2 protein chains.
Amino acid sequence: MAGAMAAWHDGADTENAARESAQPGNLVTAFPDHAIEAELTAVLVAVTDGEPRVLTIDEGRLLPSGPFVSAHRTLQASLRAWVEQQTHHPLGYVEQLYTFADRDRSSEDASRRVVSISYLGLTRQARASGRHHPAWRVWYRYFPWEDWREGAPPMIAKLIVPRLRAWAATAGEAAVRRARQQRIRITFGLGDLPWNEEMVLQRYELLFEAGLVPEAIRRGGDLATALPGEAMLHDHRRILATGIARLRAKIKYRPVVFELMPESFTLLQLQRTVEALAGQILHKQNFRRLVEQQALVEETGEVTTETGGRPAKLFRFRERVLQERAIAGTTLPISRMV
Amino acid sequence: MAGAMAAWHDGADTENAARESAQPGNLVTAFPDHAIEAELTAVLVAVTDGEPRVLTIDEGRLLPSGPFVSAHRTLQASLRAWVEQQTHHPLGYVEQLYTFADRDRSSEDASRRVVSISYLGLTRQARASGRHHPAWRVWYRYFPWEDWREGAPPMIAKLIVPRLRAWAATAGEAAVRRARQQRIRITFGLGDLPWNEEMVLQRYELLFEAGLVPEAIRRGGDLATALPGEAMLHDHRRILATGIARLRAKIKYRPVVFELMPESFTLLQLQRTVEALAGQILHKQNFRRLVEQQALVEETGEVTTETGGRPAKLFRFRERVLQERAIAGTTLPISRMV
DNA sequence: TGCCTTATGCTAACTATGAGCATAAGGGAG
DNA sequence: CTCCCTTATGCTCATAGTTAGCATAAGGCA
């Protein structure tokens with residue numbers, strides 16, 4: 001996903017590389033001559049009450065972030081320290097997302113350059129306290145078009161596609177128009193194309209380019225055509241999109257969901273968690289089949305009647321398999337809609 | 001892959017998060033107070049004569065790198081400028097790899113902190129000139145155990161596994177010993193496990209931890225047990241491993257191989273290129289079927305007799321499909337050995 | 001002309017996946 | 001105490017996707 005973004009950014013670059021004034025020697029020598037600042041931004045995810053949540057501050061307008069503290073040996077150690085202090089829960093899984101250094105990122109002072117390194121973190125429980133109103137928000141508040149658990153969100157056909165089409169039509173050249181139409185079709189799965197839940201970032205960036213999100217007003221967007229869905233400050237919604245995309249891709253081949261689950265759980269609870277992240281409903285029997293046949297879990301021997309209906313067996317993860325899969329990576333049960 | 005590395009690094013962190021002195025406020029405010037330096041490092045890949053090559057400097061001991069030039073709007077623009085100037089060829093595909101800021105990275109001055117942002121770039125032709133002896137090196141010089149095109153490299157069974165086993169046995173706790181054995185089995189595909197060509201980084205990091213690569217001597221490795229395979233300075237071989245791993249994963253679901261191919265080519269040439277990257281031999285007929293059925297290429301109408309044997313049709317990539325696949329991502333033909 | 005080499009077409013066997021039928025087993029309404 | 005609703009769980013079937021080969025085509029060269 002990050003790769004896709006990279007390619008796009010690049011495509012959007014209008015600068016001509018030939019105009020650059022760097023000397024050939026720059027390639028082969030390494031003496032940094034510009035001091036910059038490094039900042040860490042975290043996409044912290046938890047799933048509670050069947051909803052995927054992300055830790056936010058400032059009334060949901062920002063992701064938690066802060067300077068890279070030199071006292072730490074690594075970036076990750078620095079991040080981990082913050083988070084565990086904040087949430088009082090261990091961070092189960094941490095993964096680097098992307099590093100930005102775009103000058104137009106916070107277009108204040110061009111000479112003051114900030115490199116922003118973002119991370120994705122998974123945690124088991126969602127509770128946080130502190131200044132600046134930290135709160136776990138359901139991430140579909142920011143991306144209402146990404147939640148397909150109750151079918152295709154009507155706003156896609158009613159608002160998004162028409163406005164994107166209108167935007168595509170504004171392009172002067174026919175080739176550009178066609179390319180835009182193509183991107184719309186692919187990212188939103190129009191016509192006979194399927195909805196691909198992993199393209200969170202591509203969709204957000206398309207909406208951004210089309211000026212349909214409030215964050216883009218500085219770049220020519222119009223508040224009147226902005227879509228429903230909460231905005232964030234700076235590029236934090238883009239970072240969140242990157243995190244969601246990465247997580248949606250990851251759950252398919254690495255057992256990271258487990259980081260979000262309690263000690264023991266029913267298979268349906270596990271399924272609901274995956275569905276919450278993927279924004280898609282899965283086929284129950286097939287989900288069970290895959291989970292069991294891959295021996296990811298084992299019965300605890302107990303059952304719970306709290307689910308209503310026939311009592312469900314409780315499961316826990318098999319430590320050994322987890323370790324193995326964490327290194328290797330196998331297919332995990334994410335499939336089509338019911 | 002990067003994610004895997006992230007998790008590992010973390011596992012290797014011996015610092016206790018509780019020892020940290022950061023204030024809670026750090027999580028929710030964003031005012032960087034430490035100036036650092038940013039450096040870009042590139043893994044530039046080309047395939048010539050059926051061999052995967054990487055651009056190096058300093059007699060193959062370093063990857064090209066240099067400071068992030070503030071004149072550029074984005075990190076990628078900065079990188080692109082360098083590279084195109086050096087190689088005089090357009091960089092087809094660029095993707096960010098990973099950002100390091102480990103303090104022990106170049107353990108000189110603890111107060112001088114460098115953030116190193118690495119990129120993977122693909123280019124069509126391999127020619128470079130400049131100072132510091134830039135040269136395209138076959139990447140298997142650095143990772144001889146990664147080339148399985150002529151079967152399993154004997155050094156794995158003869159040198160690597162015995163030494164890794166010996167290292168595993170040195171662990172005091174039984175649990176640690178078992179965990180090490182497990183990692184060895186999985187990363188090197190021992191027993192009934194298959195060789196997974198994507199685990200380049202995991203294998204290198206395992207060898208590093210075991211002190212079997214020259215780069216690890218500072219951390220307790222012994223030159224006498226170092227494996228064949230050229231080393232690099234700093235952590236450049238680790239960055240290269242990250243790049244190879246990423247590329248091996250990428251070619252399976254995005255048509256990036258095309259960035260490495262000439263205008264027109266035979267299907268076998270395409271296959272040989274994929275094989276060079278993957279370090280694995282593919283089944284010819286199946287490879288053809290997949291490439292053709294996915295309509296990735298189209299016949300140019302010409303044939304070449306230069307391949308020996310029956311003349312082969314020449315193909316070129318279908319522009320439209322490429323664009324679509326670049327956004328969407330579909331399965332590409334990488335399969336098992338012949 | 002026959003053999004070697006690479007190209008290319010086709011298929012049988014198997015595996016993975018998507019969908020759905022059918023039964024099991026609590027809880028609560030009547 | 002039944003019936004019915006709900007969720008749990010077992011199984012089967014059809015199909016798409018893969019893997020591994022067999023077989024034929026078509027140049028070059030001894």
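Bear in mind that the values here come from a model prediction, so they are computed numbers and not experimental data. When reading the values below, keep in mind they use all heavy atoms of this one structure, side chains included, and skip hydrogens, waters and symmetry mates. Throughout, a chain's letter reflects where its sequence line sits, starting with A, and its residues are numbered from 1.
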Could you give the [atom1]-to-[atom2] distance, from [X] to [N], as a whole number of Å?
X: B:Gln269; N: C:dT6; atom1: CD; atom2: C1'; value: 12 Å
X: A:Ile281; N: C:dG20; atom1: CD1; atom2: P; value: 15 Å
X: B:Gln293; N: C:dT8; atom1: CD; atom2: C1'; value: 15 Å
X: B:His283; N: C:dT8; atom1: NE2; atom2: P; value: 15 Å
X: A:Glu292; N: D:dC11; atom1: CD; atom2: P; value: 11 Å
X: A:Glu299; N: D:dA8; atom1: CD; atom2: C1'; value: 12 Å
X: B:Arg288; N: D:dA25; atom1: CZ; atom2: P; value: 15 Å
X: B:Leu290; N: D:dA20; atom1: CG; atom2: P; value: 13 Å

I'd like to know whether CD of A:Glu302 has more than 12 heavy-atom contacts from other residues, nucleotides or ligands below 6.0 angstrom.
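Open.
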
From the options [options], select the nucleotide whose nearest atom is closest to the side chain of [X].
X: A:Gln285; options: D:dC11, D:dG21, D:dT7; result: D:dC11
X: B:Lys284; options: C:dT17, D:dA26, C:dT8; result: C:dT8
X: A:Leu268; options: D:dA23, D:dG10, D:dT7; result: D:dT7
X: A:Asn286; options: C:dT8, D:dT9, C:dA19; result: C:dA19

What nucleic acid atoms does B:Leu267 come within less than 4.0 Å of, heavy atoms only: base, sugar-phosphate, or nothing?
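Here B:Leu267 touches no strand at all.
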
Does C:dT5 have OP1 or OP2 sitting under 4.0 Å from an N or O in the side chain of B:Arg310?
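Result: no.
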
Does A:Lys313 put a side-chain nitrogen or oxygen below 4.0 Å from OP1 or OP2 of D:dA8?
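Negative; the distance criterion is not met.
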
Side-chain ([X]) to main-chain ([Y]) donor-acceptor, under 3.5 angstrom:
X: A:Glu259; Y: A:Val256; result: no
X: B:Glu275; Y: B:Leu282; result: yes
X: A:Glu146; Y: A:Tyr140; result: no
X: B:Arg203; Y: B:Thr187; result: yes

Residue whose nearest DNA chain D nucleotide is more 5′ - A:Thr307 or B:Gly309
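That would be A:Thr307.
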
Mapping A:Gly308 and B:Phe315 onto DNA chain C by nearest heavy atom, which one lands closer to the 5' end?
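The answer here is B:Phe315.
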
